[in-house]
Amino acid sequence: MRVLLLSSCLFVGGLAHAANDLPGGGIDPQALSRHVQVLASDAFEGRAPATEGEERTVQYLIEQFRSYGLQPGAADGSWVQPVPLVRAQLDGPATASLQLKGGTRQLANGEDVTLQSLQPRARVQLKDVPLVFVGYGIDAPERHWNDYKDVDLHGKIAVVLINDADFESEAPGAFDGKAVTYYGRWTYKYEEAARRGAAGVLIVHETAPAAYGWATVKSSGTSPLFDIERGNDEAMAQHTPLRGWMQRSLAEAIFADAGLDFDAEKRKAMTAGFQPVALDNARLSVDFKLQREQVVTRNVVAKLPGGAHADEAVIFSAHWDAFGIGQPDAKGDRVRRGAIDNATGVATVLELGRVFAAGPQPQRSLYFIALTAEEKGLLGASYYAAHPVVPLEKTAAVLNIEMFSPDGATRDIASWGKGRVSLERDLERVAKARDRSYSPDPNLEAGFFYRADHFAFARLGVPAITIGPGLDKLEGGVDAGRALREKYFADCYHQACDAWTPSWDPAGHAADTLLVYDLGAELANSRRWPQWDEGSEFRKTRDASEAARR
């Protein structure tokens, strides 16, 4: 017997709410679970872009969307939007060593450091390059903050801290307290070091400010890198010859060899008066070959045409990619299946497509987009935002979905980061209508607002959020939910154990998908345009596009 949304009733706070009035019989928990089971199966090989796993993923998504009666949504009338990229990966092993006062220390790639490059070169060879500690590596004039001062980084390796200077301070300072800004993201650290001509940049890994353990860094840092296609000069300027991470223990040893205390220097870096510290007692040598190739990966785009306002769009999105085949884990497993991250999001987009297609025609056109290369830096979303099917000024909102839970129902739903956008209040309202609650992101220090595909749209002014699961479990409350989430990020995030199992409980996944449907249906048939709040860094861009639209 087919299960209709939680047996046709969702029990929260002792109240039951029928959900069988939705088109297509409502959100089907078992369909969500089946999609995850398929997408996270070994046959899909971890869904890495530009692999056989991508081909299987794309074909599966097209088959499902077609079966629901949706239309191809890409600009050329096809199901896919090609995303041209460059893939760079190590060609053979990397050797690395540190010349210290106390002698030479050999470094193991993946264990002591991760070593990569996106510069267009066949080989990276650095010999006895000095290191400079530049604190958090931030230059933020509007916050009266510059970690670099006048240091010349040409021919040097920048050593930087992850997150930003407020994360471990006793009180909020120049940044946003525990809520990480874009300056705290690893992507920014690499970008700024490249702008300053550094020979390389190594980020010091610490689990709390990074929001993930070394296993995640190793998994990402030993995988191929992807970048948008650039001219040679632009690519050389955009990237340092060397980029990567180092273990905190290695940083401590380097500082100690120079007669410095790592924690003391880190405390200095929390102040605007910080001065870069030469670590030229330590000189880094690295040597590795690079294999670079142009590849084309794909966004999958399905469309449900609108009626009276068909030229306007609401987007439902999730990234389909994971990390493919990697280094074996402790059990010898090499397939990083990406079940929670983010087969759950893709399953939601598929199920939403089915339910909306079974219902009345929306007034605005709806786009269901499975985005590529999120794990490589939001590249699929960024490409779509730069080449939209519907102009961004005509795109009312983006509802992106990430990492819904396999652990049963919760009383609440959440969104990632603090977006300062009306969609957050809209989500709260539709949750309340079903006797559920909305929980603001309890982990702002993780910087999730900058780590999901909605950010590619937000930075161009489109009101966008990423919707994710709450923590307040029906059984065990917030403590139980937090414990499960912390265990996932500690043990399975981007690892082989992020896998579907027969014990998968899709009840919470279905309940959360229902709320996305409610919000999406409202946006699809409204003349309202979501707005950024006063003080949002994205409001000015949206205001300008709205003026153009009018």
Side-chain angles (χ1 to χ4, degrees), residues 39 44 47-87 226-231 293-321 345-346 349-350 352-354 356-357 361-374 376-401 453-454 456-457 460-462 464 520 524 545 548-549:
L39 291 165
F44 283 64
R47 303 191 310 281
T51 66
E52 187 61 34
E54 167 170 353
E55 183 61 33
R56 294 191 179 101
T57 302
V58 168
Q59 292 308 315
Y60 179 79
L61 296 175
I62 292 172
E63 289 168 6
Q64 300 304 306
F65 283 137
R66 182 185 287 122
S67 73
Y68 305 151
L70 295 169
Q71 296 181 10
D76 63 354
S78 76
W79 289 100
V80 299
Q81 179 187 49
V83 179
L85 299 175
V86 173
R87 177 170 58 195
F226 289 80
D227 191 21
I228 61 174
E229 285 190 317
R230 309 174 191 269
E293 57 186 324
Q294 292 181 318
V295 299
V296 177
T297 181
R298 290 162 289 177
N299 294 326
V300 181
V301 186
K303 176 183 179 181
L304 181 61
H309 305 289
D311 61 329
E312 300 170 3
V314 176
I315 293 174
F316 302 89
S317 65
H319 74 88
W320 60 255
D321 64 304
V346 178
V349 171
L350 288 170
L352 290 170
R354 182 188 69 81
F356 274 110
Q361 183 182 40
Q363 295 305 295
R364 286 170 166 152
S365 296
L366 304 185
Y367 288 83
F368 305 89
I369 308 179
L371 294 159
T372 185
E374 187 267 0
K376 307 304 180 183
L378 317 184
L379 297 180
S382 297
Y383 188 85
Y384 177 92
H387 306 85
V389 175
V390 175
L392 295 186
E393 64 269 19
K394 291 279 192 174
T395 302
V398 175
L399 303 182
N400 188 59
I401 300 97
D453 279 327
H454 78 277
F457 295 91
L460 296 179
V462 181
S545 69
R549 173 169 53 82

**OP:** Compute whether any side-chain donor of one residue and acceptor of the other, for Asn400 and Ser317, lie under 3.5 angstrom apart.
**Re:** yes
**OP:** With sequence neighbours left out, write down each residue that passes ring-ring contact (aromatic ring centres under 6.0 Å, His included) with Phe368, or none if nothing qualifies.
**Re:** Phe316
**OP:** List for me each residue that meets salt bridge (charged side-chain N to carboxylate O under 4.0 Å, His left out) alongside Glu54, sequence neighbours excluded, and say none if there are none.
**Re:** Arg298
Original post:
Would you find a donor on one side and an acceptor on the other, under 3.5 Å apart, between the side chain of Asn299 and the backbone of Thr372?
Top reply: yes
**OP:** State which residues pass side-chain hydrogen bond (donor to acceptor under 3.5 Å, both in side chains) with Arg87; sequence neighbours excluded, sorted by chain then number.
**Re:** Glu293
Original post:
What residues, two or more places apart in sequence or in another chain, satisfy side-chain hydrogen bond (donor to acceptor under 3.5 Å, both in side chains) together with His454?
Top reply: Thr466
Subject >> Residues in salt bridge (charged side-chain N to carboxylate O under 4.0 Å, His left out) contact with Arg66, at least two apart in sequence or another chain >> reply: none
With a cut-off of 3.5 Å and sequence neighbours excluded, list every side-chain donor-acceptor pair involving residues 376-384.
| from | atom 1 | to | atom 2 | distance (Å) |
| --- | --- | --- | --- | --- |
| Lys376 | NZ | Pro224 | O | 3.1 |
| Ser382 | OG | Leu378 | O | 2.8 |
| Tyr384 | OH | Val389 | N | 3.2 |

**OP:** Tell me, please, which residues at least two apart from Glu63 pass side-chain hydrogen bond (donor to acceptor under 3.5 Å, both in side chains).
**Re:** none
Subject >> Set of side chain to side chain contact (heavy atoms under 4.5 Å, CB included) partners for Pro305, sequence neighbours left out >> reply: Gln71, Lys303
**OP:** Mind checking side-chain hydrogen bond (donor to acceptor under 3.5 Å, both in side chains) for Arg364 and listing every partner two or more places apart, or none if nothing turns up?
**Re:** Glu312
Original post:
What ring-ring contact (aromatic ring centres under 6.0 Å, His included) pairs are there with at least one residue in residues 48-80, not counting sequence neighbours?
Top reply: His35-Tyr60
